[in-house]
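Encoded as structure tokens, the structure appears first; notes follow it.
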Amino acid sequence: MQEFYATDVLNATIPRGGAITSREIAINNTFSNLVEMEAGGDDLSTSNANVEAIWSDNYRVVRMAEDLIENAPQVNLSAGTQSGIIATARVFKALSLGNIALAFEQAPTTTDLSGSAPFEPRQEVLQEATTLLNDALSTLNNTAPSEDFASGILSVSVSGNASPVEGLRNTIHAYRARFNLLAGNDQAAIDAANQVDPAVQVTFSYNDQSQNPYWQELVQSGDLALRDSLGSNLIEPGDARIDFFTDPSDATSTPNGLGIEAPDGFFTTASTPAPLFVPDEMTLIRAEAMLNQDAPLSEVESAIDSVRTDLGPSPFGIEAGLPPYSETGRPMTEASLQTEILRQRRAELYLQGLALADSRRLGPEVSDRDNPSFSERARNFYPYPDQESRNNPNTPENPDF
């Protein structure tokens, strides 16, 4: 379950999925499924293999997690090993449901072997993901995971002197903050973000057998490429995060001739680790939640500036190195600070799978939904895959865009 999520699910969900639609990534091949993804709008068909993979790969993890949650108590395991397995299964089910909620307007919260799982609004899917994370935390608190689980089963890597289980707890808090923000639970998002230890860096590790999915697409196959300026006209010249994630190039993409860069950062080799989250996401969650709660704009600005002016050393080496907001000449208004939060999230959380949802939530409407430009998101939500609509009578109508 953990390996499949870290490889196939991330590949389908981010580089071959949402990152094309959010314009972080350009296609660099003329395969029809990729051409449809980049075109977006009405050109994206319900038979598209990339959309099908987002759906089916995430629900495969949901099914594996449900099997573990149901059956682990029936196996002769120590209480601490059982606790760790069930908590981890709940976490990975939550992560997969979160991915689905960011990509589709409605979705089931469980699998159904009869093929008739009911669909729920995406906010309910996010709430179920948050509940799973809360339950995972309770499981860990009620029964401490065993050393056998920590050293032989849990697959995330953790920085410094932190234990794998501490890394798992930190991940739970981070995703509780993420999903609560996206579900509109601002205070719960702040409370969870405050529990994340920024010094505990949690990553997926890769090797020649289980390869970094970003490297597979950006380097090994070359079917995808990183867009200039991280794919957004919001990114400021001189933002050091551009150089962290990309190496300069004069190349353009095929077939649409978009400016592209060579990969750097977390994408350079088959074995480069990839973070489950980056710590300054928590700072930006606090900034957005405070803005939503009508906090003093100066407090929101201060949180934004802690990301803008970061000169390091920072976790993972992601540093903006920009002047404070007050020196940009932009107004101190709620709307302008909302755009600034989007700008900082676009750079700080590059290829974390959040840019499409951020654009919907914080960005403008798309000007032409029939033929969106390459500087605007290509869709708001994906159509439901043919395989699901053929087999599940509960499948809703496809979203307009």
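A donor-acceptor pair shorter than 3.5 Å can be found between the side chains of S78 and T81. With 3.5 Å as the limit, one finds a donor-acceptor pair spanning the side chains of T13 and N58. In the model, T246 has no side-chain atom that pairs as donor or acceptor with a side-chain atom of E261 under 3.5 Å. For the residue pair T7/S210, the side-chain donor-acceptor check at 3.5 Å is not satisfied. Judged by distance alone, the side chains of D186 and Q293 never bring a donor and an acceptor atom under 3.5 Å apart. If you check the side chains of T111 and R63, you find a donor sitting under 3.5 Å from an acceptor. Side-chain polar atoms of T272 and N212 form no donor-acceptor pair below 3.5 angstrom. For the residue pair N50 / N33, a side-chain donor-acceptor distance below 3.5 Å is found, with atom types taken as modelled. Under the 3.5 Å distance criterion, with hydrogens and angles disregarded, no donor-acceptor pair is assigned to the side chains of D148 and S146. Q216 and S221 are not linked by any side-chain donor-acceptor pair at a separation below 3.5 angstrom, with hydrogens and angles left out of the test.
When side chains are defined from C-beta on, H173 counts as touching R176, because their heavy atoms get closer than 4.5 Å. Within the 4.5 Å cutoff, side-chain heavy atoms of F381 are placed close to those of R122. Residues P372 and R377 form no side-chain contact, since every pair of their non-hydrogen atoms from C-beta on lies 4.5 Å or further apart.
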Could you walk me through whether N99 and Y5 satisfy the side chain to side chain donor-acceptor pair (under 3.5 Å) test, starting with their C-alpha distance in whole Å, then the side-chain angles of each, then the deciding distance to 0.1 Å, before giving a yes or no? CA-CA 11 Å; N99 291 338; Y5 184 91; 3.1 Å; yes
Side-chain polar contacts of residues 282-289 - donor-acceptor pairs under 3.5 angstrom, sequence neighbours left out - could you list them?
residue : atom : partner : partner atom : Å
T283    : OG1  : D280    : OD1          : 3.1
R286    : NH1  : A193    : O            : 3.4
R286    : NH1  : N194    : OD1          : 3.2
E288    : OE1  : R361    : NH2          : 3.1
E288    : OE2  : R361    : NE           : 2.6

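Contact between Y206 and S271 at its shortest, heavy atoms only, is O-CB, 3.5 Å. A150 and V165 make their closest contact through CB-CG2, 4.0 Å (heavy atoms, listed as atom of the first residue, atom of the second, distance).
For residues 224-242, the salt bridge (charged side-chain N to carboxylate O under 4.0 Å, His left out) pairs, not counting sequence neighbours, are E236-R308, E236-R330, D239-R241, R241-E348.
At distances below 3.5 Å, not a single donor-acceptor pair connects side-chain atoms of T328 with backbone N or O atoms of P324.
Taking 4.0 Å as the cut-off between side-chain N and carboxylate O, E166 and R169 do not count as a salt-bridged pair.
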